[in-house]
Structures are given as structure tokens and as C-alpha cells.
There are 2 protein chains.
Amino acid sequence: MNTGDDGPAGAGERSPGVPERLLAAATRLFAERGYERTSVQEVVDAAGVTKGAMYHYYASKDDLLYAIYQRLLTLQARRLADFAAAEGPIADRVRAAAADLVHTTVDNLDDAVIFFRSMHTLSADRQAAVRKERRRYHECFRGMIEEGQRAGVFRADVPADVAATQYFGAVHHIGRWYHPGGELSGPALGAYFADLLLAGLRPD
Amino acid sequence: MNTGDDGPAGAGERSPGVPERLLAAATRLFAERGYERTSVQEVVDAAGVTKGAMYHYYASKDDLLYAIYQRLLTLQARRLADFAAAEGPIADRVRAAAADLVHTTVDNLDDAVIFFRSMHTLSADRQAAVRKERRRYHECFRGMIEEGQRAGVFRADVPADVAATQYFGAVHHIGRWYHPGGELSGPALGAYFADLLLAGLRPD
DNA sequence: GCCACCCGACCGACCGCGCGGTATGCCTAT
DNA sequence: ATAGGCATACCGCGCGGTCGGTCGGGTGGC
């Protein structure tokens, strides 16, 4: 009934709807100027609505930020589940998951920038929820590396936890320097990153 | 006679001095709560002075933040110069520089956290100055990797730029998860990180 | 040796502004 | 008639920054 329909003045165009437009505007502005330096007024102006509309759909500015976190967490969790359930040699699966993480990060650069810059502005309980979800992601990835260590295809003299943390750090940092449209595409970067990870884990 | 002497003009170094206390308090609070969520009043309260004192030594809150950046940049530049001027096999020098970067980061965790979280709050020209300094650091490190590639001790099928960027990202992220006093010491973490970097760069 | 003077260090009360958030009501579709 | 979707006007607060004033010790003239 109301899923595909949108409000104002006929359904002639596929207009994204007010909540989605607010979320998109907030994502762009938060990534560009930072959460604290972006006023609610600027967000609603960019979305073409007023504060009344925003506070109709979101309880607070913090709520808007949390919606961005939820969107990225949901996406990551879904992708991770796919790779965890896949079959094949463990080294290939780790490589695919590592490259895909880079690919996904490049495709959602704004989210990635916001994620690691504005975590401390979330309320304590929401921050804990985000950390919990991230921890699940981390432990699943680490588990794949440990599986490779047990199988003997990865070196075991470096803790899987350290290797996973190092790689995640590098990926999280992508949002700080990567510019889409440059000479390095997302998949190409993912291939390089995954290659360096796998080579680093190769036994002597 | 001069043991009781304190103050900025004296040679005695007993008391840290008001500017230093302000910088230390700001560093701790900015790292803990974030720059925007820390008021000037909180900083001066933690330093045991008043706003008048702070604005006597620092032109603005932004100026206080920039002082933190300058301190870290100076430290990093000095250390890198030492490793660049050192002698010995290039692989050993890269390993030493990589491990030292981790060590230094762990020893200045608050600075590291602030560095990559609050860059966007600096004024445009100061942000450019910081980026320029960081770029010099990056290019020096990249140059060492390229030297190893030319010497044949590092693989050349991955750009040195990508390898350096990946490593720096991992190091920058340390401030988000590392807790001093845990079971993993700074030097131990540095050894693991450098080991993974060197192994990733090892030729087939 | 003493006083008049001065200057930097620092205090604390104050200001204007822009922020996040709210109350209320109109408009349209059902 | 009713209810949700959204606009408009408004509020109180806490922020970064300012400014006149105080205090103490160094300095030069006599």
C-alpha cells in the first residue's frame, strides 16, 4: 500500500521519500563537515524540508546519526554472513572476504568516515550496541584466520587477533584518503589489500 | 636559591607551567570526550586555571588543538629523520621504522586519537599544514619501501604507496582499541605489526 | 636603600549568538 | 471527522570569546 508510494503531488517520479532524503543529506554532511559541526538546520535545508519534518521521523540528532550506523552495520553483517557460509579453501575465503570489505568500504565512503570519527558522540548504550555488532564481525573474521592457522596455510607465530585488527585498521582508514574517480578503483584496491594480508600470513 | 624558583623565565623545571598544564589537560579531555564535546571551561578547570589564563597563551580553542598537532608532528618528524639517516640493510631499516611508529603511537595514544578524529575541525590553512607534514612522512616511508623494491628484497607487484598507506592506516587505528596495561606491550605490538608488513612485502 | 612606575600573568564576570529541541496549527487524504 | 505529515515560530541554554581589573616582582632615578 504505502511502501512504494510517496507523498507529495502524485507518484510520477521515484522520489526517495522524506526520511530517506534526510538520511542521505545527513550522511553527506556529517562525512563532509563532521557531526558536531553540522547543524540540524543545514541537514533539513539540504533535504529540502524543515525541522518539523525531521523531528517527526527522528527523535533527535543523535537518532539520525544512529540510523547511519544501523544501515552500515546491517550491510556489513549481511555480507559477512555470506562469506562465512561459503565453501572452498580457507585462504580463498579469507581473501574474498578481505577484498570485499575494502570494496564495500569504498562504495560507502561517507558511512565509513562517519563511523570511526563520530562513535564517541553516540549515547553510551548505543555505542555499546555498535561495539557489540562490530565485535561479532571481528571475531568471525578472526575465526577464519585461525581456521587457516590450524590448517597450516597461515603462519601461527602471529596472533590472528593482531592480524585481523591490523587489517581492519587499514580498511577503516581508507575513508581518510581514498577519492573515487582516481586511478585506483575499489576492486583494484581490495585486491592489493587482500594480497598484502595473505602474503603477510603466508608461512615461511 | 633557585630551587624554589618557578615560572617560565626561570631555569628551574619543577612546576610544569601553566601553558604545559593547559596542553596536557586539553590532550586528555579531547581524547576522552572529543574536541567539540569538551568546553574551554572544562579544560581550564582541569588545568586549575581560568579562561583568562588560557586565552592569554592560546589565541583560541582551535589554537590549543593545533598545538597538540604540532607536538606530535614534531616528534614524528624527528624520529623518522633518525631512521632515514641510519645505515644497514633496507629491510632492517624499514622494520625498525615500522616498529618504532607503533611504539611511538602507543606512547602517545591520546595524541593519536585526537589526530585522526579532529582533523576536520582545524582551520583550512592549518589543516593543509598538517597534511603537508604528514605527506612528507608518508613519502619518506614510501621511499624506503621503494628502495627495497629496487634492491629486490621487497616484492614489486604491489605499489609501495599502497603498502605504506595500508600500514599507516593500521597504526592510526591503534588508538581506537589499544589499552595500555593489557597483555600486549607497545614493543610487542610493534614487532607483530612490523613482522606482518615485512612478510607481506617479501617476494615470492 | 627606597620609592614610583610598569608590565606581564592571570582572574572572573559578562556577552551575543547559534544551537537542539518544542508547541501549535494548517493541509491533504481517507 | 479524523489522523498523520509537515511548516512556522519560538525558547532556553551553554558555548567560545572578551574586557577591565588586580597582583607581584623587576627596574631605574636619586
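Heavy atoms only: backbone and side chains are in, while hydrogens, waters and symmetry mates are out. Convention: sequence-line order gives letters A, B, ...; per-chain numbering from 1.
- D:dG5 atom P lies 18 Å from atom OH of A:Tyr55, rounded to whole Å.
- Spacing between atom CG of A:Leu29 and atom C1' of C:dC19 amounts to 16 Å, rounded to whole angstrom units.
- For the contact set between residues 34-49 of chain B and DNA chain D, defined by any heavy atom under 4.0 Å, the members are B:Thr38, B:Ser39, B:Val40.
- Distance B:Leu64 CG to D:dG17 P: 11 Å, rounded to the nearest Å.
- A:Leu65 has its CG atom 12 Å from the P atom of C:dG20, to the nearest Å.
- Distance, B:Met54 CE to C:dG12 P: 17 Å, rounded to whole Å.
- In this structure, the CZ atom of A:Arg21 is 11 Å from the C1' atom of D:dC6, given to the nearest Å.
- Side chains of B:Asp62 and B:Ser60: no donor on one and acceptor on the other come within 3.5 Å.
- Here D:dT18 presents its P atom at 17 Å from OH of B:Tyr58, a figure rounded to the nearest Å.
- Among the nucleotides D:dG5, C:dC11, C:dG21, the one closest to the side chain of A:His56 is D:dG5.
- A centroid separation of 6.0 Å or more is found between the aromatic rings of A:Phe115 and A:His172.
- Cation-pi check for B:Arg176 over A:Phe168 is not met; the charged atom does not lie both under 6.0 angstrom from the ring centroid and within 45 degrees of its normal.
- Here B:Arg150 does not pair with B:Glu147 in a salt bridge; the nearest charged N to carboxylate O distance is not below 4.0 Å.
- Of the candidates C:dG21, C:dG12, D:dC6, the closest approach to any side-chain atom of B:Thr50 belongs to C:dG12.
- Panel note: side chain B:Tyr58, backbone B:Pro19; a donor-acceptor pair is recorded below 3.5 Å.
- When each of C:dG20, D:dA7, D:dG16 is scored by its nearest atom to the side-chain atoms of B:Lys51, the top-ranked nucleotide is D:dG16.
- With salt bridges taken as basic N to acidic carboxylate O contacts below 4.0 Å, none links A:Asp100 and A:Arg93.
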